[in-house]
Amino acid sequence: MRIVETEAYLGADDPAAHAFRGRSPRTDPLWGPPGTVYVYFVYGMHHCLNLAVDAPGVPGCVLIRAAEPLEEGTLPFDACRGPGRLCRALRIDRRLSGRHLFEDDPPLTLREGPSPPLVAVSTRVGIREAADRELRFFDPGSRAVSGRRTVV
DNA sequence: CCAGGGATCCCCT
DNA sequence: GGGGATCCCTGGC
């Protein structure tokens, strides 16, 4: 899969971040080292995948909102368009929360690939707090981006 | 547009 | 320990 849409959640400075309300058993992975997986369950039926990216003890994370298949035919093209669908397609659930990308036999792997020619920036989707912060990043050329594809 | 669906967390007993 | 609001969404009207 190629990741085409992400959002940043900044932790202590960001009222939209789960970490903003403080550390709890659910949110604990956010304080882990970069590459720690944080998965939460939302709206009674969806999971969302996040990766801790800040220094250990600093709960910044990236929400993975959409990806597209690298090879035609492996998955329906839009199976990973949107954070809930992406988790369903990749069979990601809370059991992965707290695991790590760089452990032995990791549950997920992340590889660096070519950057898209353009990365668009906008406000984040579906939040109420800090709704004006432009912390969503997406490839405007990808049809797998969820929701609005306009800037800001 | 709207509601389903269930974990989580807050805040009060 | 319990009731209720909330929620980083999606599919179906």
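Everything quoted here is computed from the prediction, not taken from an experiment. The analysis underlying the following values was restricted to heavy atoms, covering all of them including side chains, and did not include hydrogens, waters or symmetry mates.
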Just N and O in the side chain of A:R85: are any of them under 4.0 Å from OP1 or OP2 of C:dG11? yes

Separation of A:D14 atom CG from C:dC7 atom P, in whole Å? 13 Å

Taking the side chain as every heavy atom from C-beta outward, state whether A:P83 and A:I64 have any atom pair closer than 4.5 Å. no

Do we get A:R94 above A:Y40's six-membered ring, with its NZ or CZ under 6.0 Å from the centre and within 45° of the axis? no

Tell me the partner of B:dT13, counting only Watson-Crick (N1-N3 plus N6-O4 or O6-N4) or G-U wobble (N1-O2 and O6-N3) with both under 3.5 Å; none if nothing fits. none

Distance test, side-chain N/O of A:R65 to OP1/OP2 of C:dC9, below 4.0 Å: yes

In terms of relative ring orientation, are A:H18 and A:Y38 parallel, tilted or perpendicular, with 30° and 60° separating the classes? perpendicular

Can you tell me if A:R88 touches the phosphate of C:dG11, counting only side-chain N or O atoms and a distance under 4.0 Å to OP1 or OP2? yes

Side chains of A:L10 and A:D54: closer than 4.5 Å at any heavy-atom pair? no

Take atom CD of A:E7 and atom P of C:dC8, then tell me their distance rounded to the nearest Å. 10 Å

Just how far, in rounded Å, is P of B:dA7 from CG of A:D93? 13 Å

Let me spell it out: for each of A:G82 and A:F41, pick the nucleotide of DNA chain C with the closest heavy atom. Which residue's pick is nearer the 5' end? A:F41

A:Y43 has its side chain closest, among C:dC7, C:dC8, B:dC9, to C:dC7

Kindly say if A:R94 contacts the phosphate of B:dT8, meaning a side-chain N or O under 4.0 Å from OP1 or OP2. yes

Report yes if at least one side-chain N or O of A:R26 is closer than 4.0 Å to OP1 or OP2 of B:dA7; otherwise report no. no

Under 4.0 Å between a side-chain nitrogen and a carboxylate oxygen: does that hold for A:E68 and A:R2? yes

Quiz question: going by heavy-atom distance under 3.5 Å, is there a donor-acceptor pair between the base of C:dC7 and the side chain of A:Y40? no

Taking pairing as Watson-Crick or G-U wobble with both contacts under 3.5 Å, can you name the mate of C:dC7, or confirm there isn't one? B:dG6

Expressed in angstrom and rounded to an integer, what is the separation of A:D78 atom CG from C:dT10 atom P? 11 Å

Please report, rounded to the nearest Å, how far the P atom of C:dC8 is from the CG atom of A:L30. 12 Å

note: A:H47, atom NE2; C:dC9, atom P; distance rounded to Å ~ 14 Å

How close or far is atom C1' of C:dA5 from atom CD of A:E129, stated in whole angstroms? 14 Å

Between A:T6 and A:R65, is there a side-chain donor-acceptor contact under 3.5 Å, judged purely by atom types and distance? no

Is A:R21 close enough to B:dC10 that one of its side-chain N or O atoms is under 4.0 Å from OP1 or OP2 there? no

Nearest to the side chain of A:C48, which nucleotide is it out of B:dG5, C:dC7, C:dC9? C:dC9

Side-chain N or O of A:H46 closer than 4.0 Å to phosphate OP1/OP2 of B:dG5: no

To the nearest Å, give me how far apart CG (A:L63) and C1' (C:dC7) are. 13 Å

